[in-house]
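All values below come from the heavy atoms of this structure, side chains included, with hydrogens, waters and symmetry mates left out.
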Amino acid sequence: ENWVTANPRAFFYILLVTSLFLVAVLGLLWCLFADTDSEKGMATTFWTSAFFTFQIMTIGGHEKHIEGVGSILVYIFMIVLGITIFAILIGMITESFQVYMSRLSEGRTNAVLSDHTLILGWNETTARCVVQIARLRNLFREQNKPLKKKFLWWTRCPPSTPVAVAPIVIFADTVSKAAVHAAISEAFKDSGICPDSNRLGADIICRIGNPTHPQDLRRVGAKRARSILVMMTDVDAEESELASGKVNQGATLRTVLALRAVFMGDEQATKGGEDKRVIVQLAGPSRAIEVIDLGDGVDDNPILQPVELTNFMNSILFGCLAQPGLGYAMLDLLGFEGAAFRCRAAKEFPAEHKLIGKTVQEVSTMWENAIFAGVDSLGLAPPGDYVIREHDRVIFVSDMSLPTLAEMPPVPRDSLELNVAKPAALAARTVLICGWRDTWNLPTEFAVQLQFVVQNLPFGSKVIFLNMKGAAGERNVPVDDDFLREVAANYPERKMRKVQDKWELSNGVLMHFITGDAADYDTLEMVLKKHEIGQAIVVSSMANQKLSPQLRDTRLMMILIQLRHLQLKLNQQPMHVIAENALDSTGVLAIGPTVGPVGGITTKVPDFVNTHVIYAAALVQALAYPRMFDAISELLVFKDGTANLSMYRVLDFTTAGRHTFLELTQCLRHRHRDDVLLGVRMASGEMKMAPPLSEDIDVEDGDLLMVITRQAAEIDKEPQAEVLPPGSPPPRSGPRTL
């Protein structure tokens with residue numbers, strides 16, 4: 001038993017020795033019992049007898065001249081033993097074949113690939129990441145689809161990222177290969193992606209193993225992979241719960257260290273200047289992971305890039321307060337379903353583009369089907385007089401990896417239909433925030449979140465938090481004042497003080513904190529009877545309780561439909577709802593508050609922010625264009641001086657009517673020359689992202705320009721003198737944002 005355990009081929013050796021022994025013994029017996037001339041003719045020597053025995057055992061031959069009883073018995077015994085031995089051999093071969101096929105079906109074999117994209121781990125976002133990569137691959141193939149480019153290979157457009165052409169390998173041990181294939185097939189079906197263009201088993205390969213073990217990583221060619229995405233957050237959460245929160249990001253840390261062991265063990269994989277990137281998804285900050293060094297890649301940029309997306313998601317969710325439609329716009333820009341952020345070295349553009357040596361102002365309208373957005377060294381919306389250099393990487397928004405030159409000349413300034421009227425001031429509003437995030441349990445984190453909410457609201461607004469933070473299970477019980485006092489102590493400049501049963505924040509914003517279940521109809525009715533809500537943010541997670549994605553979204557839909565009923569029942573104003581959903585189907589199923597007929601059309605107000613889709617889009621952007629990701633991350637900081645994505649009223653810049661996209665761009669830059677116009681969000685909700693410069697667009701009241709700007713947003717603030725640090729430039733004014 002020990003020998004068989006130690007040596008998988010032991011059964012074959014035993015069968016071989018047994019067969020040889022039986023051939024020898026039976027051959028000897030045949031010599032002894034052969035008494036007729038015909039029998040003796042087959043046993044003249046021991047070797048001829050053994051050969052005869054071997055034939056009988058292998059082919060079960062029949063000989064009619066055998067007459068003696070002993071000879072007949074030996075002959076029969078040979079046949080029986082031969083059949084038995086070969087039956088055993090066939091069984092063993094069959095079993096070995098079944099084991100091999102089982103390893104194939106379970107994904108236990110090696111992945112012999114190079115320059116591939118490797119995804120380590122599996123969570124709710126992984127299938128959506130594969131969808132985003134598939135879209136990127138499809139767009140690249142579509143650009144090289146013409147017959148001319150198929151046969152004349154030198155005319156093909158080169159990929160702007162290796163992710164667009166590399167096969168994908170998914171490596172995890174928390175899910176089966178069949179489950180991975182089923183999840184990806186379902187995701188492709190929901191996203192409208194043809195499985196023939198991204199084939200499971202050829203373009204997308206699944207292997208099962210432990211990503212935290214270096215030996216397993218070698219099985220999938222981790223040292224040869226060009227792009228690696230670490231997605232171990234589900235295992236991190238399980239381990240954190242087992243350790244009562246004392247160990248965070250543990251599985252991710254072990255995976256990164258395992259990658260380091262693989263890289264350091266192979267000099268070829270760590271040589272300088274290699275275009276390699278390792279993107280690590282984090283569910284929270286981790287200094288232990290951030291300080292790990294996996295070496296430097298192209299232009300001495302670090303290979304390892306941790307991406308923490310919790311604050312990223314909060315920024316989009318609460319940024320919708322001031323910028324309605326921000327979630328949809330960011331999803332369009334990050335995803336690869338159409339026009340999206342892309343990056344390419346200036347020297348990689350064709351010679352006719354002549355980018356090197358031109359200013360940003362000159363490049364801004366040179367492409368017909370792309371929007372120049374920035375350069376990696378300065379970020380988005382750089383100064384117009386910046387001269388593009390050879391080593392710069394150009395950031396642009398397009399549905400193609402290589403845009404085409406525009407033929408439409410700029411419109412003379414005298415011909416532009418400009419609107420220089422002062423925009424209307426924004427009125428104070430009441431915002432209801434339903435639900436609670438675990439990260440807000442830390443007073444420091446909640447103080448930062450409060451400041452972020454306040455800076456997106458006009459002076460004199462009101463914020464109402466409705467959640468189960470407080471006495472567990474009881475309704476309308478005030479939250480512990482000690483918690484809010486700690487929050488006040490950590491609030492910037494301590495501009496948070498209690499006034500009777502509410503708290504006064506900076507910019508004259510008042511905060512009410514109510515403990516209650518936002519999914520309870522009576523609790524919602526009580527709140528809406530006291531306050532007329534203009535905006536509502538619905539966070540599907542609860543305080544002190546973990547829910548599955550399906551339960552979170554079910555709870556979300558309960559809150560929305562009850563808000564809708566109460567809004568109509570109490571005859572309240574239209575309500576702009578910002579909802580965080582985890583499942584793709586929720587946006588279709590949910591019934592939220594509605595506005596009455598607008599131009600004969602009933603418009604839905606909810607601004608859905610799909611958590612995992614945005615996570616996937618952001619991660620794949622970081623994987624495809626790691627040097628660009630820091631620049632586009634600025635869009636979600638919402639601080640003066642950084643590049644922000646803003647929504648401006650079209651009629652604040654031009655008149656209603658038909659204008660080309662080039663004319664709209666020039667109208668915007670007439671007031672702010674460094675701003676970047678990305679597209680137009682129509683009043684109906686339709687997004688025109690990076691349309692052709694020559695496309696005619698009919699604009700009217702309610703349409704919004706989607707703009708990347710470094711101008712300070714003019715949300716109404718409490719009138720006061722602003723104190724600037726010594727040597728600071730004077731503040732720049734800009735158009736008001738929603």
Grab the two heavy atoms, one from Met706 and one from Ala329, that are nearest each other, plus how far apart they are.
SD-CB, 3.9 Å
Is a side-chain donor-acceptor pair under 3.5 Å present for Ser240 with Asn248?
yes
Side chain proximity check, Leu450 to Trp503, heavy atoms < 4.5 angstrom:
no
Do NZ/NE/NH1/NH2 and the carboxylate oxygens of Lys502 and Glu504 come within less than 4.0 Å?
no
Write down the atom of Ile559, the atom of Ala518, and the distance for their closest heavy-atom approach.
CG1-O, 3.6 Å
For Thr126, is there any backbone N or O sitting under 3.5 Å from a side-chain donor or acceptor partner on Asn123?
yes
Distance-only, no hydrogens or angles: does the Thr654 side chain make a donor-acceptor pair with backbone N or O of Cys667 under 3.5 Å?
no
Shortest non-hydrogen contact between Asp553 and Ala582, atoms and distance
OD1-N, 2.9 Å
Distance check, rounded to the nearest 0.5 Å: Arg135 atom CZ versus Ser191 atom OG?
4.5 Å
Full working for side chain to side chain contact (heavy atoms under 4.5 Å, CB included) between Tyr615 and Glu124
CA-CA 10 Å; Tyr615 279 179; Glu124 296 175 33; over 6 Å; no
Does the pair Thr233 and Leu282 meet the rule for a side chain to side chain contact (heavy atoms under 4.5 Å, CB included), with working shown?
CA-CA 7 Å; Thr233 54; Leu282 297 178; over 6 Å; no
Give a yes-or-no answer on whether the side chains of Trp440 and Asn467 include a donor-acceptor pair shorter than 3.5 Å.
no
Distance-minimising heavy-atom pair for Arg128 and Leu583
NH2-CA, 4.2 Å
Let me know which of Asn507, Leu505, Val431 forms a side chain to side chain contact (heavy atoms under 4.5 Å, CB included) with Leu457.
Val431
For Gln562 and Ala519, indicate whether the former's side chain and the latter's backbone hold a donor-acceptor pair under 3.5 Å.
yes
Could you tell me if the side chain of Leu331 sits less than 4.5 Å from the side chain of Val613, heavy atoms only?
yes
Are the side chain of Ser541 and the backbone of Trp436 linked by a donor-acceptor contact shorter than 3.5 Å?
yes
Compare all side-chain heavy atoms of Leu619 with those of Leu309 and state whether any distance is below 4.5 angstrom.
yes
Is the positively charged end of Lys688 above the ring of Phe661, judged by distance under 6.0 angstrom from the centroid and angle within 45° of the axis?
no
To the nearest 0.5 Å, what is the distance between CZ (Phe465) and NE2 (His512)?
12.0 Å
Chi angles and distances behind the side chain to side chain contact (heavy atoms under 4.5 Å, CB included) call for Arg681, Asp703
CA-CA 6 Å; Arg681 183 177 188 263; Asp703 294 343; over 6 Å; no
What distance separates Met231 CE from Thr125 OG1, expressed to the nearest 0.5 Å?
5.0 Å
Backbone N or O of Glu686 within a donor-acceptor pair of the Tyr328 side chain at under 3.5 Å?
no
Exceeds 12 heavy-atom contacts within 6.0 angstrom, atom NE2 of His565
no
If you count heavy atoms of other groups shown closer than 6.0 angstrom to CD of Gln535, is the number above 12?
yes
Under 4.0 Å between a side-chain nitrogen and a carboxylate oxygen: does that hold for Arg710 and Glu634?
yes
Can you name the nearest heavy-atom pair linking Ala631 to Gly379, along with the distance?
CB-CA, 3.9 Å
Find out whether His576 and Arg429 are in side-chain contact, i.e. whether some heavy atom of one side chain is under 4.5 Å from a heavy atom of the other.
no
Backbone N or O of Leu334 within a donor-acceptor pair of the Gln621 side chain at under 3.5 Å?
yes
Test item: Asn490 side-chain N/O and Val487 main-chain N/O as donor-acceptor pair under 3.5 Å:
no
Less than 6.0 angstrom from the centroid, inside 45 degrees of the normal: does Arg671 satisfy that with respect to the ring of Phe653?
yes
Tyr648 side chain reached by Leu668 side chain, heavy atoms, under 4.5 Å:
yes
Heavy atoms only: give me the nearest Thr655-Val699 pair and the separation to one decimal.
O-CG2, 3.8 Å
Classify the ring geometry between Phe513 and Phe446 as parallel (under 30°), tilted (30 to 60°) or perpendicular (over 60°).
perpendicular
Glu445 vs Arg437, salt bridge (Lys or Arg N to Asp or Glu O under 4.0 Å): CA-CA, chis, key distance, verdict
CA-CA 10 Å; Glu445 291 291 331; Arg437 292 190 187 279; over 6 Å; no
Donor-acceptor contact below 3.5 Å, side chain Glu186 vs main chain Ala183
no
Once you round to the nearest 0.5 Å, how far does CE of Met682 lie from CD1 of Ile697?
7.0 Å
Between CG of Asp696 and CZ of Arg658, what distance do you get to the nearest 0.5 Å?
5.5 Å
Taking the side chain as every heavy atom from C-beta outward, state whether Asn441 and Thr439 have any atom pair closer than 4.5 Å.
no
Close side-chain approach of Phe629 and Val307, heavy atoms under 4.5 Å
yes
Counting only heavy atoms from other residues, nucleotides and ligands, does the tally under 6.0 Å from NZ of Lys530 exceed 12?
no
Would you give the length of the straight line joining atom CG of Asp517 to atom CG of Asp522, rounded to the nearest 0.5 angstrom?
11.0 Å
Pairing of Arg552 and Glu580 as salt bridge, 4.0 angstrom limit
no
Would you sort out whether Met511 and Val453 count as a side chain to side chain contact (heavy atoms under 4.5 Å, CB included), showing the intermediate values?
CA-CA 11 Å; Met511 181 187 73; Val453 172; over 6 Å; no
Heavy-atom donor-acceptor pair, Arg669 side chain to Asp674 backbone, under 3.5 Å:
no
When you compare the side chain of Ile591 with that of Leu560, does any pair of heavy atoms fall below 4.5 Å?
no
